[in-house]
Amino acid sequence: MTVPLFDYVLRLADNALVLGHRLSEWCGHGPVLEEDLALANMALDLIGQSRSLYDYAGEVGGRGHDEDALAYLRDVASYRNVLLVEQPNGDFACTMARQFFYSAFMHPYWQAMAASSDPALAAIAEKSVKEVAYHVRHTSEWAIRLGDGTEESHRRMQAAVDELWPYTGELFEADAIEAALIEAGIATDPRPLEGAWRATVANVLKTATLTLPATGWMQTGGRVGRHSEHLGHLLADLQYMQRAYPGAAW
Amino acid sequence: MYTQGLSGPVDQPDQGHDPEREARFQARIDAEERIEPNDWMPEGYRRTLIRQIAQHAHSEIVGMLPEGNWITRAPSLRRKAALLAKVQDEAGHGLYLYAAAETLDISREELVDQLLAGTAKYSSIFNYPALTWADIGTIGWLVDGAAIMNQIPLCRCSYGPYARAMIRICKEESFHQRQGFEIMLTLARGTVAQQAMAQDALDRWWWPSLMMFGPPDSESQHSDRSMRWRIKRFTNDALRQKFVDATVPQSQFLGLTIPDPALHHDPKSGHWNFGPIDWREFRRVIAGDGPCNRDRLRARRAAHAAGRWVREAALAHAAKRRARAQAAE
Ligand SMILES: [Fe+2]
Ligand SMILES: [Fe+2]
């Protein structure tokens, strides 16, 4: 039981950290000052979530791992995040599309997790659901502004949606690691959430005058450690200090 | 404050020069009354404030770059979150300050255009590179520390919106300073490599930090009028001395050496006397030839240019919504 729970919590933690890190790359380079603040806000929420989750993973992993050992000392193949969150920032439309797809999934997911039979996870879910509600609102508003803005912004927003669409399927996967946890009421089954997610996305895209992409091949692998080439570069930045000065406390 | 006393009053013939009104204005200032946006003010006062507040706002924004450079590489999750929150605070400071400047009849767009065109100044300190993690500690400790020294008197500045912005900002800056000092303390108590990193950062940031207070009083031409208007309450040299006196004991506590062989305590005055500042370097960096001036402006211009389509889309969308709402009425 311990090992699946550890892996499962790591998946949640890695999603939050990798996406938070991506958002933090924007800091100081946003399209408008207010957005620098908003992007940093979302990044801080996600990094905060990852810290609570790593903390808990360290506890259930029973190997004396603290949050920094888990974040800074695992290599690409040990990371368990979905491919969507490691995709590069691209332009502002790409960042908003990625954030919207993820948040529109995590909002109902955390809502369901608030009823988890694991009190630690339920507490994290309860806090996260409020944060993610804001992320959904903020990114929906931008998707609509950009989709229904200028010709250029419409083109860019549609391109972002199309580009990231093949990475959304992985959000709804559940494998053997999770099956027992779902059975025990610890984890939420993501599969039944797909309908609600599609409805949210279709609704926003429609208001944004954007086209919902046709569902074709979906990329997969991140949750078992088979990542895109992008994650290695992200970790090279993220882990640089811990790798360059092993064992030092900061 | 990140204005380095470069922003003395703008000498500009006041249109409709009115000695009687000016005397009444000065009487209000002398009585420590706050001047508010709708009050009459001499044109020189307005322009001086615009320039000073704008320089301050630009410094907050450009100042996000050297530290932002380390957010993705922060050595722990706790440090990463704290640094991101700090840089976010600086963006917030920029926002309050642009808003304070806008009460003086100038738009944020105009001010930002001046920054991007290279015609507006910002603090020279941000034209130095942040090379190691210890620089993040040093910037918090010294740069935010110097900023607080400068800014606390500004909380009593005669212009209401600026004074109120400064009260909010000062609270956050002192938090940044403590956080920076705490990073330095961790390094100073760390490995030999960490101690060396801390000393190297202090070596590089010490003199530029002293330059943050602006040119010496002997060269600061406009100080008198700013003092008379209570935009400024202490001279550059007085604030610089206050900073040195506060910082030397902190460096001793850290076990770090301030890179100034002439530094010594004067028992008579109670002050720490320090060696000569290289004012040629100061003028060179202000004039554009610091190590990072071009990188900083390039980064700001690139962000502004890359964001243009986003800002245009937001405006276009808002216009569409207004049109639809009108049509529905
Ligand atoms: Fe600031
Ligand atoms: Fe600060």
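What you see is a predicted model, and the numbers here were worked out from it, not measured in a lab. Order of the sequence lines sets the chain letters (A, B, ...), proteins ahead of strands, with each chain counted from 1.
For a residue to count as touching a neighbouring chain, one of its non-hydrogen atoms must lie under 4.5 Å from one of that chain's; by this rule B:L95 touches chain A with backbone and side chain alike. At a 4.5 Å heavy-atom cutoff, the contact between B:M197 and chain A is made by side-chain atoms alone. For chain A, no part of B:I183 is nearby; none of its heavy atoms comes within less than 4.5 Å. With a 4.5 Å cut-off on non-hydrogen atoms, A:L33 touches chain B through its backbone and its side chain both.
Smallest separation of non-hydrogen atoms from A:A248 and B:Q194: CB-NE2, 3.7 Å. Of all heavy-atom pairs spanning A:P31 and B:G307, the tightest one is CB-CA, 3.6 Å. A:A43 and B:L84 make their closest contact through CB-CD2, 3.5 Å (heavy atoms, listed as atom of the first residue, atom of the second, distance). Nearest heavy atom pair, residue A:G28 against residue B:R300, reads O-NH1, 2.6 Å.
For the salt bridge (Lys or Arg N to Asp or Glu O under 4.0 Å) test, residues two or more places apart in sequence or in another chain that qualify with B:R324 are A:D148. Here A:S140 pairs with nothing under the side chain to side chain donor-acceptor pair (under 3.5 Å) rule; sequence neighbours left out.
Of the listed residues (A:M241, A:M157, A:R156), the one with the most heavy-atom contacts under 4.5 Å to chain B is A:R156. The choice from A:L146, A:L238, A:V32, A:L44 that makes the most heavy-atom pairs within less than 4.5 Å of chain B is A:L44. Of the listed residues B:H304, B:R189, B:K320, B:R308, the one with more heavy-atom pairs under 4.5 angstrom with chain A than any other is B:K320.
Here the side chain of A:E152 pairs no donor or acceptor atom with the backbone of B:W309 at under 3.5 angstrom. Not one N or O on the side chain of B:R73 forms a donor-acceptor pair closer than 3.5 Å with the backbone of A:Q239.
Residues of residues 69-86 of chain A that come closer than 4.5 Å to chain B, counting heavy atoms only, are A:A71, A:Y72, ordered by residue number. Residues of residues 18-26 of chain A lying under 4.5 angstrom from chain B, judged on non-hydrogen atoms, are A:H21, A:S24, A:E25 in numerical order.
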*Please walk me through it: do A:C27 and B:Q88 pass side-chain contact (heavy atoms from CB on, under 4.5 Å)?*
CA-CA 8 Å; A:C27 192; B:Q88 186 192 34; 6.0 Å; no
*Show your working on side-chain contact (heavy atoms from CB on, under 4.5 Å) between A:H29 and B:L65 and close with a plain yes or no.*
CA-CA 9 Å; A:H29 308 279; B:L65 298 171; 3.7 Å; yes
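How far CH2 of B:W70 is from OH of A:Y240: 5.0 Å, rounded to the nearest 0.5 Å. B:L77 contributes atom CG, which lies 5.0 Å from atom CG of A:D68 (distance to the nearest 0.5 angstrom).
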